Amino acid sequence: MSREGTVVRDKAGFLERRKDRRLGVLTVLVVLGLWEAVGRSGWVSPFFLPPLTQVLLSGWEITRSGEVFSHLAASLWRIGSGFAVGAGLGVLLGVALGFSQKADDAIHPLVAATYPVPKIAVLPLLILWLGIGEASKVAVIGLGVFFPVAINARAGVRNVDPLLVKAALSLGSGRWGVVRKVILPASLPMIFAGLKLGVGIALLLVVTAEMIAAESGVGFLILSAADLMQTTRLLFGIMLLSGLGLFLSWLLGRVERKLIPWRG
Amino acid sequence: MSREGTVVRDKAGFLERRKDRRLGVLTVLVVLGLWEAVGRSGWVSPFFLPPLTQVLLSGWEITRSGEVFSHLAASLWRIGSGFAVGAGLGVLLGVALGFSQKADDAIHPLVAATYPVPKIAVLPLLILWLGIGEASKVAVIGLGVFFPVAINARAGVRNVDPLLVKAALSLGSGRWGVVRKVILPASLPMIFAGLKLGVGIALLLVVTAEMIAAESGVGFLILSAADLMQTTRLLFGIMLLSGLGLFLSWLLGRVERKLIPWRG
Amino acid sequence: MRTVVEGVSKAYDHPKGPQTQALGRVDFAIEEGEFVALVGPSGCGKSTLLNIVAGLLAPSTGRVRFHGASLNGRPRTAVVFQDLALFPWRSVEGNVRYGLEELGVARRDRRRRAREWLALVGLEGFEAHYPHQLSGGMKQRAAIARALAVDPGLLLMDEPFSALDAQTRMDMQLELSRIYEATAKSVLYITHYIPEAVFLADRVIVLTGRPGVIREKVRVDLPRPREERIKVEPRYVEYLERIWGLVRGVGGAAEGTGS
Amino acid sequence: MRTVVEGVSKAYDHPKGPQTQALGRVDFAIEEGEFVALVGPSGCGKSTLLNIVAGLLAPSTGRVRFHGASLNGRPRTAVVFQDLALFPWRSVEGNVRYGLEELGVARRDRRRRAREWLALVGLEGFEAHYPHQLSGGMKQRAAIARALAVDPGLLLMDEPFSALDAQTRMDMQLELSRIYEATAKSVLYITHYIPEAVFLADRVIVLTGRPGVIREKVRVDLPRPREERIKVEPRYVEYLERIWGLVRGVGGAAEGTGS
Amino acid sequence: GPLGAEPLRVGVLRLTSSAPVFIAVEEGYFKEEGLSVELRFMKSAQPVAVALAGRDIDVGATGLTAGLYNALAGGLDARIVADKGRVWPGYQLVGLMVSNEAWDKGLRRIQDLPGRRVGVTQIGSTFHYMLGRVLQKHGIPPSRVRVTPLGGVKNMMDAVATNRIETAFMVQPFCSVMEARKMGHRMFWVSEHLSYQIAGIFLSGSVARQKATALSFLRAYIRGCRVYYDNCLQRVDGKEIRGPAFDRVMDTISKYTGRKPDLIARGLNYNDRNGVLLAQDIGTQINWYHENGLLQKRPDPAKIVDTTLVEKALSQLGP
Ligand SMILES: Nc1ncnc2c1ncn2[C@@H]1O[C@H](COP(=O)(O)OP(=O)(O)OP(=O)(O)O)[C@@H](O)[C@H]1O
Ligand SMILES: Nc1ncnc2c1ncn2[C@@H]1O[C@H](COP(=O)(O)OP(=O)(O)OP(=O)(O)O)[C@@H](O)[C@H]1O
Ligand SMILES: [Mg+2]
Ligand SMILES: [Mg+2]
């Protein structure tokens, strides 16, 4: 070996995370650029993949007319309320199932059995109970969000270090204190992964929900464009939904970083 | 206080989990019983909610004729292949994103942006690229499974105790060894939660996939029953789907217990 | 508060293979205001016993009882765990405040008391740090502050000073001794460092190897307050040697002779 | 293998508030086959330094270099962490096998060697247990077996015996001493128990309080092999007192005087 | 390509209105023309157009929706060539159902519709069109009625039957079923107000250009139409006259749609005996869709409709 010897390099350096936003913007731009290129190349019929610029143009039209904002507002309201209800109940049930083996024994099979029931099939029942208006739409979104949040919260709770629960018990916590002060924070990373999944599902389901008796909404925009085979409008609707998804997951990320400050 | 004093009770007893299968069976039976009762009560027209027994009867007919098995086989094949592809790629990408901040910076925004794209809207594009046969169906299911698995795997990896990674590095593991021997096992609980979500989504999406040009499959059964207004068949199809869901999540649970023996 | 341990034993199940008999039958009492130290070889069931007394583990046989006046505004027991079990999502101060919150102490008092205890264990300036940002010894001191802060009737400490350097350890022993003498709480104290057991305790209970049973209970008749110079007194050294002998007599390191 | 630590220091960032200067500038070398013990008050940067030498933490200044012949079939360093860091999903034997797998040792040999090392630390019969089923001291011994099993050029140990009772600790000291003398590997050994440092080491490096800098390097000229009776030799006691003095001279427990 | 040994792929829905296609397959008419025909079953009109554009099928047989016209205007290379079902006087295929509650509150005439909701499957569907045209005939501006997409016919029936919506369209036999079970009331049959080319056969551009293949296909198809018409649709003084092969036709339809023969018999829709398209109605449809903002570009009817092929096939077949 050389006189210099071997200098020790930091093998664990990659554990330190330094976020670089520019990269993400770059990839998204590259994908959008590719889309434009493919759309213009003529490889695929513009009927399926019109170039990005054309999609933006058609989007600009309905933006200028203000139509977009009423769609956005309607959907945001449905997504927001559905998400709030579904995520709230999901966290509650998930934590309960993770915490109490009895509750889990009783209810988990039911959850596993009802989870794969297609939401489209449940809609008629929901309409029967809740009417054709907003309530059934919010309920469908809520149902969709409920499952990933509940399943992740349950797994998160089951994953909590029992030693920490013991520490809390020894410091005088009751069951409820343990749940609130140990189990919830300890399973937050997993609950947040569930919430992120829930956001995506809420956005997906807004399309299902607006299949029935909707007169506005991004989902309505997408569905009616799909039915009418107006591809540019359809793609603009999808872009709106993606944009909403990005925005909501950014928002969740911020909340997460606020609530989980103990990891770097 | 009494001469007896206060006997110390085990406050942490609830941490010990003893599974009781009978409870779950009971709840499911109660729910099914309620269904039968409501169906027979006449509160709702049997057109929406025929009693369970009637549904089972119509199920028995197509079971006897063997029709059910061809539907099941077709759907299972689609679900199986879609799940395998989606879950495989999901774990790969999720682990990569969780592990490398660079990859995460570059790709995570794209994932967040594409996740909420409704699968129904992507189907036409998939058909264009992959044809109207099995490939596009498998692809839709794969896409649906991909996201929850990837998002959960990413969160799981980010959640791994850095100390354990350091221990592995100090014992001579390279990056790949760390991934395989530390990060994978440590994030298994979260990956399994993702897989469970994926199973549910695969079952949901099989209905979407079989919406276009399918001639068999449980989704086909459900959709054509809806077209034909055969509520009993529709509900039997949904029960089949639920049954499949229960079976697959039971299967996953077994695999999970095999792979995660270190928690009680 | 008087604590009575009656016929307690513990066997752990092991899915593949036989049970582990961790602890044989033990009987003893911790009198009101008594400081009892527990020594014994690694794996003989000390932590197991402590967890049972804390009500965090069900014994296989026997039971633990508390006698005595109800404790107003303070919990029966508080534990310093061998594995510390600090809450990673709480700052050092947040960890110490935990028990005070559960006791319903007013918000302002919680903060003041938490800071007082942290100063006492030498952690001022680290209130806002999270556990993963502390050194091993600092984590241990944070865990000690957390348990002391709730002022329990019975303090259960599982090798609380094991990660401290000699100097800090001596300082902490003196501090603990002072606190004990001032508040007259009961203490059950596990240590593998015999001089510490003798220095701190009124009684030293020596366990055999696994499964641990009581080999001997030794009353330590040294004057209080205990101060550093006690360590050169002949009676102190006598106790040391006697307990050393008892521990050695146990045989091989992790090999219990049973009983 | 010779290890050279040159001008290494470390400051940790803290999001809210000032940096923590954990370690001042330190320079020293560990010669081929030398046993160096590191003592110093809690929080003075010992674990930090050890992590830097292990290549698991980037120093703020300075660097660490290794000199010497390449190590055939064994890793440069192995670490016994203060927090143990056993893999919870591997049995005790699986933990010990880990490093052997990474070295590419044949499957059969891995099993045999893992069991040998486990027997050496007194854990036979617990091969199939998972870490959470072990006592504190047993976990520590498992972590020691894991590091020893890979037979590294430089063994880094961070308070490896802190959770052991006195008897087991003495046994383990003798065992470590024997292994060291038989294999002539280099060791960097952190301890807060000065008799242990003197008993085991060729050289004791005394650090000041935080930020830790080197107060003194003391060469321990005691004959090898080291055996228990060395502890009554006057030279041994002299070393003890000298190092005690150096450590005490540091001042208050956690309060560094800087340098 | 569709020529040679390769089968002609026909995208079709499992509906009674596809009966001529099913008959032509079952009776071997395609085979007699030397065509091997492969049916590809789709769930709705939209994927038929998508599959056509993706060259997954060569022939489509489905409803004429705004979506199809949009696709044609957007460059989908296909020609509408033949009839595949009409709303026709005297034949009851589609009705508007009123919920019991709304009916009791006096919603009984078309003039009562303003301000109420009318359930359709989708925006731009044939139901949407029928509603628009019926309103137009009664001088009611379309904006005064709330068109409510419900996704599918099952949802439409459920919504009416549970009084969740005032009115919705329904197809036979379910109009009759609903009336019989007191799940709602029928306001009118669409055919009382409208003659309407509701569905058609369309060929992909390449098939349309391969005249020989196109004519072979259409000849076989028209023979199917005739069998269907002669056995199922004949009327004398408004009374049904069933042909000798009626049951056989029912069995064929039942085989492909999964519906029970007696249900099918209650809801037989009208197909032209010679598969002739109501060409001028296509123009009317395009106009209406365009005026109501459902078509962005107006496709040129002359370019998307081709009636010459059927004329040629008919002249070859004889009466
Ligand atoms: N959760 C568990 N499951 C199974 N066995 C256990 C469990 N916890 C402890 N044991 C076993 O019980 C025995 C006693 O453990 P315990 O932790 O009480 O020992 P200890 O006296 O505290 O030892 P140390 O001084 O090393 O901490 C050990 O043999 C250990 O393997
Ligand atoms: N990850 C970290 N982030 C921030 N500060 C840290 C981190 N790790 C250690 N420190 C700080 O660095 C200082 C030295 O810590 P280190 O663990 O090296 O001490 P030590 O000498 O090993 O102490 P002990 O004997 O108590 O284990 C401490 O003040 C600690 O708060
Ligand atoms: Mg212990
Ligand atoms: Mg340390």
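Both backbone and side-chain heavy atoms feed into the values below; hydrogens, waters and symmetry mates do not. In what follows, chains are A, B, ... by sequence order, proteins preceding strands, each numbered from 1. Quick caveat, the model's predicted, so the values are computed rather than measured.
For A:Leu26, no part lies near chain B; criterion is any non-hydrogen pair under 4.5 Å. For B:Phe99, the parts lying under 4.5 angstrom from a heavy atom of chain A are both the backbone and the side chain. Looking at B:Arg22, there are no atoms closer than 4.5 Å to chain A (heavy atoms on both sides), in backbone or side chain. The contact between A:Arg175 and chain B is made entirely by side chain atoms (from C-beta outward), counting heavy-atom distances below 4.5 Å. If you measure heavy-atom distances from A:Ala226 to chain B, you find no contacts under 4.5 Å at all. At a 4.5 Å heavy-atom cutoff, the contact between B:Val207 and chain A is made by side-chain atoms alone. Using a 4.5 Å cut-off between heavy atoms, B:Leu244 does not touch chain A at all. The contact between B:Val117 and chain A is made by backbone and side chain atoms together, counting heavy-atom distances below 4.5 Å. The parts of A:Ile201 that come within reach of chain B are both its backbone and its side chain, each placing non-hydrogen atoms under 4.5 angstrom from that chain.
Using a 4.0 Å cut-off between a side-chain N of Lys or Arg and a carboxylate O of Asp or Glu, A:Asp20 and B:Lys102 do not qualify as a salt bridge. A salt bridge between A:Arg154 and A:Asp104 is present, with a side-chain N of the basic residue lying under 4.0 Å from a carboxylate O of the acidic one.
Considering only heavy atoms from C-beta on, B:Leu126 comes within 4.5 Å of B:Leu143 through its side chain. Contact of the A:Ile260 side chain with the A:Pro189 side chain is registered, since non-hydrogen atoms from C-beta on lie closer than 4.5 Å. Side-chain contact between B:Leu252 and B:Glu256 is absent, with no heavy-atom pair separated by less than 4.5 Å. Residues B:Val199 and A:Tyr115 form no side-chain contact, since every pair of their non-hydrogen atoms from C-beta on lies 4.5 Å or further apart. Contact check for B:Met239 versus B:Leu52: side-chain heavy atoms found under the 4.5 Å cut-off. At a threshold of 4.5 Å between non-hydrogen side-chain atoms, the residues B:Val206 and B:Leu241 count as touching.
Counting heavy-atom pairs closer than 4.5 Å to chain A, the top residue among B:Leu246, B:Leu197, B:Thr27 is B:Leu197. Interface summary for chain A: among B:Leu203, B:Leu204, B:Leu223, the most heavy-atom pairs under 4.5 angstrom belong to B:Leu204. Here B:Pro118 is the residue among B:Pro118, B:Ala112, B:Gly245 with the most heavy-atom pairs under 4.5 Å with chain A. Most heavy-atom pairs under 4.5 Å with chain B: of the set A:Val165, A:Leu49, A:Leu234, A:Leu205, this distinction falls to A:Val165. Per-residue counts of heavy-atom pairs under 4.5 Å with chain A were compared for B:Val31, B:Asn152, B:Val28; the largest is that of B:Asn152. With chain B as partner, the option from A:Lys166, A:Lys11, A:Met190 having the largest number of non-hydrogen pairs under 4.5 angstrom is A:Met190.
A:Glu210 places a side-chain N or O within 3.5 Å of a backbone atom of A:Phe220 that can act as its donor or acceptor partner.
Partner of B:Leu235 under the side chain to side chain contact (heavy atoms under 4.5 Å, CB included) criterion, out of B:Val55, B:Ile222, B:Leu240: B:Val55 alone.
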